[in-house]
Amino acid sequence: MKEKYYITTAIAYASRKPHIGNTYEIILTDAIARRKRQEGYDVFFLTGTDEHGQKIEEYAKEAGIEPKAYVDNVASCIRSIWDLMNTSYSKFIRTTDDYHEKAVARIFERLYKQGDIYKTEYEGWYCVPCESFVTETQAVNGVCPDCGRPLRRAKEEAYNFKMSKYADRLMKYIEDNPDFIFPEARKKEMVNNFLKAGLQDLCVSRTSFKWGIPVSFDPKHVIYVWIDALSNYITALGYDVDEKGELYKKYWPADVHIIGKDILRFHTIYWPIILMALGEPLPKKVFGHPWLLNGTDKISKSKGNVIYADDLVKLFGVDAVRHYCLAEMPFAADGSISYENLIARYNADLANNLGNLVNRTVAMTKKYFDGVIPAYDKSIENDTDRDLIAKCGETYTKVQEFFDTFHIADASDEVFGLLRRANKYIDETTPWVLAKDESQKGRLGNVLYALLETIRIGAVLLFPFMPQTSEKVFSFLGTDVTSLESVKNFGGLVSGNKVGETEVLFDRIDPEKMLAEIAESMPKEKTAAKPDDANVNEITIDDFKNVELRCAEIIACEPVPKAKKLLKIQLDLGYEKRQVVSGIAKFYKPDELIGKKVAVVANLKPAVLCGVESNGMILASGEDTVRVVFLDKDTPLGERIR
RNA sequence: CGCGGGGUGGAGCAGUUGGUAGCUCGUCGGGCUCAUAACCCGGAGGUCAGGUGGUUCAAGUCCCCUCCCCGCAACCA
C-alpha cells in the first residue's frame with residue numbers, strides 16, 4: 001500500500017486573470033507533487049478558486065453580470081492557465097461548488113452550536129446608501145468617504161470566533177512540531193506578532209455584502225472568507241460535519257499546504273484553530289513561499305507591469321516558463337522575473353546545456369553506432385567514466401535532499417550541474433577521435449552509453465520540473481525506463497535498443513531580436529491605464545466644497561519616533577499654525593520639505609497617529625511611491641484651493 | 001530600544017559544527033569540431049557593508065557597536 005501524500009495550493013481568488021506571480025505557486029506545487037509521485041507516494045493534489053466576497057460582487061456589478069457568471073468566467077480562465085502550465089492537480093475545487101457551500105454552512109453551524117462562534121454587536125459609523133460601515137478614522141467629518149453623504153451611528157450584528165480559547169493549544173502544537181511553519185523565519189513572525197501578543201477574536205461573518213455562503217440560521221449574514229476559503233482543504237475531500245468522506249479519511253491531514261507568504265497568518269493560526277474546534281487533526285506543514293516579482297516591484301495591475309503566464313508560453317513554451325519559475329526562485333527570498341533573465345536562462349540552461357547535449361549525443365550515437373545504444377563494457381571503464389558515474393549518483397542523492405527540504409531551485413540546479421558535467425565528459429573523451437580508430441570501438445561505446453544514460457538520469461530527475469521535455473528526451477533515447485527507482489543506480493538504460501527520432505528541444509533565442517519584438521508588441525503603456533480600482537462616484541460642486549483645501553507652508557518637520565512612515569509637520573496657514581502627521585517619511589527627508597508650500601485639507605477631523613496629533617492632511621499622490629503636491633511658491637498662505 | 005531576515009568579485013546566489021572565498025550568468029583570451037555561433041579550458045574581477053573593535057594559533061563564519069536593505073506587526077488621515 002502506497003503512503004499517501006496530500007498537497008494543496010491556496011485557492012486563487014477569482015477576481016482577475018492570474019499573473020505569472022500567482023501562477024508560480026501552482027507550478028511549484030506541481031513540481032513537488034510530481035516528484036512525490038515519482039517517489040512512489042499516492043498523491044492527492046488540490047487546487048481551485050476562492051469565488052466569494054465583496055470584491056467579486058463589485059466586479060460583477062461593474063461588468064453588469066451576476067456574480068456567479070462572473071466567477072464562472074474567471075475560474076475557467078484560471079483553470080485553463082493551470083492546464084496550460086501542465087499542472088497535474090487531482091481536483092479543482094470552487095468555493096461555489098454545491099458540496100462545499102453546504103459543508104461550510106454546516107461547519108459554521110456546528111462551531112456556533114458548540115459556542116466557538118458567538119453573536120456580537122459592532123457599533124460604528126454607517127453609510128445607509130452605501131450599506132457599509134466606515135472605520136472611525138475614515139469617518140471624516142461624519143461624511144462617507146465613498147459617497148460623501150452623512151454617516152449615522154449604527155449597530156451591526158456580527159459573528160465572532162473565539163480564537164483566544166485555542167491559543168495555548170496552538171502554541172503547543174507549534175512547539176511540538178517545529179517543522180509546521182516553514183521557513184523558520186516565518187514561524188517567528190507568526191509566533192511573536194500574533195500568538196505571543198494575544199489572539200483577538202476573529203469576525204467571521206459579514207452583512208455588508210451578499211455574495212457568499214449564508215449563515216444557515218441567520219441568513220442576512222454571509223460567512224466571511226476565512227471559514228469559507230480555508231475549509232476547501234477538507235470539503236474537497238468530502239468532509240462534512242457529520243460524515244467524513246472516504247477521501248477525507250484517506251488523505252487528511254494535509255502533508256503540506258503550499259501558500260504565499262502573505263497568507264501565512266491565516267494558514268498557521270486561524271486554520272489550525274478552526275480545525276481544533278472541529279476536532280480534526282492539523283496539517284503537518286505549511287510552506288509560505290516567497291513572491292515572484294517583476295524586477296524589484298510587486299506585480300500589480302496598477303503598476304502596469306503585469307506578465308501573464310500564457311503570454312510567456314507563447315514566446316518560450318510551457319517548460320521554459322516552468323523551468324524559469326522553479327530554478328530562479330530562491331528558497332526564502334523573493335525572486336524576480338524579466339524577459340532578459342528569462343531569455344538568458346533559456347539559452348544557458350535549456351538550449352546550450354540541456355538541448356545541445358542531447359542533440360550532440362544522439363547525433364553521435366546515430367553516426368557511430370547506427371542509432372543502436374552500445375553496450376557498456378565495465379572491463380574497460382576508466383577514471384573519467386567513473387567520475388561521471390559518481391556524479392550521477394551524487395546528483396540523485398542531492399536532488400532527493402533538496403526536495404525533502406523544499407529547496408526546489410537547488411534541486412533543479414543540481415541536475416543542470418550533472419548535464420554540464422556530461423558536456424565536459426564529451427570533451428574529455430573526444431568521441432570523434434575514438435571514432436576514427438576502429439580499435440577504440442569499445443571505448444567509444446562506453447562513452448556514448450555513459451552519455452545516453454546520464455541524459456536519461458537527468459531527464460528522469462527533471463521530470464517534475466519539465467514533464468514534456470523529459471518525455472521528449474525519453475523518446476529521443478527510445479527508452480521506457482523512466483522510473484525514479486531506475487535512476488538510483490547507473491546503468492538502467494537498455495543496450496541494443498535504437499534511439500528515436502530527434503528534434504531541437506529548445507531553439508536558441510536571439511535576445512536582442514526577441515526583446516525588440518516584445519517591445520514592439522507591448523501596448524504603448526505610456527498613457528496611464530484607465531483606473532479601475534476606485535469606487536468613484538460622481539459628486540456635486542457642493543460635495544466638493546465640503547473639503548476645505550488651503551495653502552500652507554511647512555515651517556518645521558521631524559520624524560515621528562517609533563514610526564517608520566510618519567513625519568510630524570508644523571504648518572503655517574497664515575491665519576494659524578497647526579500640526580499634521582503625514583505618512584511620507586520614506587519619500588521625503590524633513591529638511592527638504594521645510595519652506596515648501598503644500599495643499600492641506602484644513603477641515604479634516606483630528607486624529608492621533610502613533611501618539612501624535614494630526615490636524616489635517618497634506619495632499620499627495622501615488623500608492624507605492626508617494627509624491628506630495630507642492631504649490632507654487634507665490635501662492636499666498638491660507639488661500640482656499642478650489 | 002516591537003519581532004525577524006539579510007548586506008560576499010558587473011548581475012543573481014552558495015558558503016554547514018571558525019582553518020587559505022565558491023557556483024551560474026556576463027566579460028577577456030585560448031582549445032575543439034560530435035553538436036543549437038554550441039561545448040571545453042584558462043584569465044581578469046571580492047580588504048566577504050563599516051568599526052584598522054573583541055575572542056582565537058586561525059573569522060565571511062562566534063561576540064559587541066554603527067550604517068543600509070527587506071519581511072511581519074503598528075500608525076500610511
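Order of the sequence lines sets the chain letters (A, B, ...), proteins ahead of strands, with each chain counted from 1. Note that the structure is a prediction, hence the values are computed from the model and not measured.
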Pairwise C1' distance, A73(B) and G18(B) [rounded to whole Å]: 35 Å
Nearest-angstrom distance from the residue atom NZ of Lys472(A) to P of U36(B): 16 Å
ring-ring contact (aromatic ring centres under 6.0 Å, His included) contacts touching residues 358-377 of chain A (sequence neighbours left out): Tyr376(A)-Tyr449(A), Tyr376(A)-Phe490(A)
Distance between P atoms of G4(B) and G9(B) (Å, rounded): 27 Å
Between the protein and nucleotides 3-14 of chain B, are there any N/O to N/O pairs under 3.5 Å, and if so, what are the atom names and distances?
| residue | atom | partner | partner atom | Å |
| --- | --- | --- | --- | --- |
| C3(B) | O2' | Asn192(A) | ND2 | 2.2 |

P-based separation of A21(B) from U66(B) [nearest Å]: 30 Å
Nucleotide opposite C67(B) in a Watson-Crick or G-U pair, distances under 3.5 Å: G7(B)
Touch class at under 4.0 angstrom, heavy-atom based, for Asn359(A) against every strand present: base
Whole angstrom value for the distance that separates P of A74(B) from CD of Gln200(A): 10 Å
Touch class at under 4.0 angstrom, heavy-atom based, for Phe416(A) against every strand present: nothing
Verdict with supporting geometry, Arg578(A) and Glu576(A), salt bridge (charged side-chain N to carboxylate O under 4.0 Å, His left out): CA-CA 7 Å; Arg578(A) 67 164 79 185; Glu576(A) 68 171 61; 3.0 Å; yes
Sugar-phosphate only, base, or nothing, as touched by Val581(A) at under 4.0 Å among non-hydrogen atoms: sugar-phosphate
Short N/O separations, protein against nucleotides 23-32 of chain B, under 3.5 angstrom:
| residue | atom | partner | partner atom | Å |
| --- | --- | --- | --- | --- |
| G31(B) | N2 | Asp427(A) | OD2 | 3.3 |

side-chain hydrogen bond (donor to acceptor under 3.5 Å, both in side chains) against His323(A), all qualifying residues, sequence neighbours excluded: Asp349(A)
Sugar-phosphate, base or nothing in reach of Leu264(A), heavy atoms under 4.0 Å: nothing
Candidate pair Phe402(A) and Phe465(A), rule ring-ring contact (aromatic ring centres under 6.0 Å, His included), full reasoning: CA-CA 13 Å; Phe402(A) 283 134; Phe465(A) 303 90; over 10 Å; no
Pairing partner (Watson-Crick or G-U wobble, both distances under 3.5 angstrom) of U61(B): none
Nearest listed nucleotide, side chain of Lys261(A), among G71(B), A37(B), C34(B): G71(B)
Aromatic ring pairing Tyr166(A)/Phe161(A), orientation class (parallel under 30°, perpendicular over 60°, tilted between): tilted
Nearest-0.5 Å distance that lies between atom CD1 in Ile569(A) and atom OG in Ser582(A): 5.0 Å
Nearest-angstrom distance, P atom, G2(B) to U8(B): 26 Å
Same-atom distance (C1') from G26(B) to C13(B), integer angstrom: 15 Å
Length of the line joining Asp262(A):CG and C70(B):C1', which is rounded to integer Å: 16 Å
Side chains of Asp387(A) and Tyr425(A), donor plus acceptor under 3.5 Å: no
Whole-angstrom distance between C63(B) and G6(B), as gauged at atom P: 12 Å
Set of ring pair (Phe, Tyr, Trp, His ring centres under 6.0 Å) partners for Tyr24(A), sequence neighbours left out: His289(A)
Sub-4.5 Å side-chain heavy-atom contact between Thr429(A) and Asn382(A): no
RNA chain B: 5'-proximal contact among Asn347(A) and Pro431(A) (nearest heavy atom): Pro431(A)
Pairs satisfying side-chain hydrogen bond (donor to acceptor under 3.5 Å, both in side chains), at least one member in residues 358-367 of chain A, at least two apart: Arg360(A)-Asn423(A)
Spacing of His407(A) atom NE2 relative to U16(B) atom P, expressed in whole Å: 13 Å
Short side-chain N/O contact from Arg360(A) to OP1 or OP2 of U33(B), under 4.0 Å: no
Pairwise C1' distance, C57(B) and G42(B) [rounded to whole Å]: 36 Å
Integer-rounded Å distance: C34(B) P and Ile455(A) CD1: 17 Å
Residues Phe266(A), Trp226(A); criterion ring-ring contact (aromatic ring centres under 6.0 Å, His included); working and verdict: CA-CA 7 Å; Phe266(A) 307 112; Trp226(A) 318 127; 4.1 Å; yes
Atom pair distance, as rounded to whole Å: NZ in Lys367(A) and P in U33(B): 12 Å
Nearest-angstrom distance from the residue atom CD of Glu428(A) to C1' of C34(B): 15 Å
Given RNA chain B, 5'-ward residue of the pair Arg265(A) and Lys436(A), judged by closest heavy atom: Lys436(A)
Rounded interatomic separation in angstrom, taking CZ from Arg421(A) and P from C39(B): 16 Å
Base partner of C72(B), which must satisfy Watson-Crick or wobble distances under 3.5 Å: G2(B)
Lys/Arg-Asp/Glu bridge criterion (N-O < 4.0 Å) met for Arg186(A), Glu189(A): yes
Separation of the C1' atoms in C48(B) and U20(B), to the nearest angstrom: 14 Å
Nucleotide opposite C39(B) in a Watson-Crick or G-U pair, distances under 3.5 Å: G31(B)
